[in-house]
Amino acid sequence: MIETIARQTGAAFKLNKGDKLKVMDPQGEQVSDMVLFNAEDKREKLSSGKTLDFEETILITKGHHLWSNRSHKMMHILEDTNGRNDFLLAPCSPETFQIMYQNPEYHPSCFENLYTNLAKYGVEPDDVPTAFNIFMNVQFAADGRLTVAPPTSKAGDYLLLEAKMDLIVGLTACSAEQSNNYSFKPIQYEVIQAQK
Ligand SMILES: [Zn+2]
């Protein structure tokens, strides 16, 4: 069954080892932040540093694994029809909009949407790691300078990922203007259960 994450919101759910997760951009140019926890021990979680190290690239796509802070494989990326994701930047948070955009008003954020949805699994705000930012287009120059460009994803682009352990998943439709070419759209996902 295809689930829809409304614009500027999030979801959290469990995934069993062997299950597949399809994350879809139904309209195009929409980022989805994803975090992972070991369902048996939440202290084991997604690690950007371990993933970039073991995969020897900062561009994580089809064929790569997402690794944990304990150096275990959490997911395998089976398909990626767009091919551009980010694993450098932390989820957008209330402070992001205050510090980077000088916006003192309340602003929805991936960080809030992750920890509020993950609370039912006992995950606390400080537990949320750097997210795997699906469809996020971060460009980097030779001198190290980073810029956020519009996603290259088109309507219908998707990633298909296979769980390598029992997982708790947090997933968002990102709330940051610049990351989503200044319009907020939904994200869809589907859990494809392993044959029992
Ligand atoms: Zn975000």
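Note that ligands are numbered from 1 as they come in the structure, with each ligand's atoms numbered from 1 the same way. Along the sequence shown, the residues carry numbers beginning at 1.
Excluding water, every protein N/O/S atom under 2.8 Å from the Zn ion (ligand 1) is given here by residue and atom: C92 SG, C110 SG, C174 SG.
Ionic pairing of R145 and D143 is not present here: no N-O contact between side-chain nitrogen and carboxylate oxygen is shorter than 4.0 angstrom.
T57 and E55 form no side-chain donor-acceptor contact under 3.5 Å, judged by distance and modelled atom types alone. A donor-acceptor contact closer than 3.5 angstrom is absent between the side chains of N113 and T172. Residues N180 and Q30 bring a donor and an acceptor atom of their side chains to less than 3.5 Å of each other.
Figure legend: cation-pi geometry between K42 and F37 absent, as NZ or CZ is not positioned both under 6.0 Å from the six-membered ring centre and within 45° of its axis.
Here the options are T61, N85, L160, I60, the test is side chain to side chain contact (heavy atoms under 4.5 Å, CB included), and the partner is I77; only I60 passes.
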